Amino acid sequence: VQLQASGGGLVQTGGSLRLSCAASGRTFSSYAMGWFRQAPGKEREFVAAISWKGGSTFHADSVKGRFTISRDKAKNTVYLQMNSLKSEDTAVYYCAATSTLVPPDYDMDYWGKGTQVTVSS
């Protein structure tokens, strides 16, 4: 599975962005997907994940009610809708995939390159 994240950019506090992660590989539909982020000087952290069927979603407490993960199997794409953005959301965002989604560890098998999200006040 190869993953390519896009959609990052510069946005003001309170604004919105939608990240996309395009996946290639015939088995995409059988993988759970996740979003993670890493801010400067901090460790990478879990943001959200979605089961391979799309029926189950998980969001970090810090983004609950503001971010929503979804997937479109027909397009081999997973999305992260980010609303009410805060300065502390500034980070490089990575999408990832796993054949076995196990909360709360959310260990992933494949990683894409990140996309920068910068929230300015």
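Sequence positions, counted from 1, serve as the residue numbers for this chain. Because the structure is predicted, anything quoted here is derived from the model rather than measured.
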TODO: Check the pair D61 / K64 against salt bridge (charged side-chain N to carboxylate O under 4.0 Å, His left out), numbers first and verdict last.
DONE: CA-CA 5 Å; D61 288 343; K64 278 182 181 177; 3.2 Å; yes
Open item on the list: With clusters defined by side-chain heavy atoms of hydrophobic residues (ILVMFWY) lying less than 4.5 Å apart, directly or transitively, does V92 cluster with Y110?
Closed with: no
Task: Pairwise side-chain contact, D107 with T98, heavy-atom cut-off 4.5 Å (strictly under) - done: no
TODO: Please report the closest heavy-atom contact between T13 and S121, naming both atoms and the distance.
DONE: OG1-CA, 3.3 Å
- [ ] Starting at CZ of R37, measure out to CZ of R44 and round the result to the nearest 0.5 Å.
- [x] 13.5 Å
Task: side chain to side chain donor-acceptor pair (under 3.5 Å) pairs, two or more places apart, involving residues 68-79 - done: none
Open item on the list: Could you report the tightest heavy-atom contact between L101 and A32, atom names first, then the distance?
Closed with: CB-CB, 3.7 Å
Task: ILVMFWY network linking I69 to V63, side-chain heavy atoms under 4.5 angstrom - done: yes
Open item on the list: Run the ring pair (Phe, Tyr, Trp, His ring centres under 6.0 Å) test on W35 and F67 for me, step by step, so that the C-alpha distance in whole Å, both residues' side-chain angles and the decisive distance to 0.1 Å come before the verdict.
Closed with: CA-CA 11 Å; W35 287 97; F67 292 11; over 10 Å; no
- [ ] Evaluate the criterion side chain to side chain contact (heavy atoms under 4.5 Å, CB included) for residue pair W52 and M33; output intermediate values, then yes/no.
- [x] CA-CA 7 Å; W52 71 273; M33 303 293 294; over 6 Å; no
TODO: Looking only at non-hydrogen atoms, find the nearest pair between R66 and S84 and report the distance.
DONE: NH1-O, 3.0 Å
Open item on the list: A quick test of your reading: do over 12 heavy atoms of other residues, nucleotides or ligands sit less than 6.0 Å from CD of Q2?
Closed with: no
TODO: Determine whether V47 and V119 fall in the same hydrophobic cluster, where Ile, Leu, Val, Met, Phe, Trp and Tyr are linked whenever their side-chain heavy atoms lie under 4.5 Å apart.
DONE: yes
Task: Approximate separation, where rounding is to 0.5 Å, of L3 CG and K113 NZ - done: 12.0 Å
Open item on the list: Can you tell me how the ring of F46 sits relative to the ring of Y106, calling it parallel under 30°, perpendicular over 60° and tilted otherwise?
Closed with: parallel
TODO: List the atom of L80, the atom of A48, and the distance in Å for their closest heavy-atom pair.
DONE: CD1-CB, 4.1 Å
Open item on the list: Do W111 and L19 sit in one hydrophobic cluster, given that two such residues count as connected whenever their side-chain heavy atoms are within less than 4.5 Å of each other, even indirectly?
Closed with: no
Task: More than 12 heavy atoms from other groups under 6.0 Å of CD on E88 - done: yes
- [ ] State, to 0.1 Å, how close V11 and L85 come at their nearest heavy-atom pair, and which atoms those are.
- [x] CG1-CD1, 3.5 Å
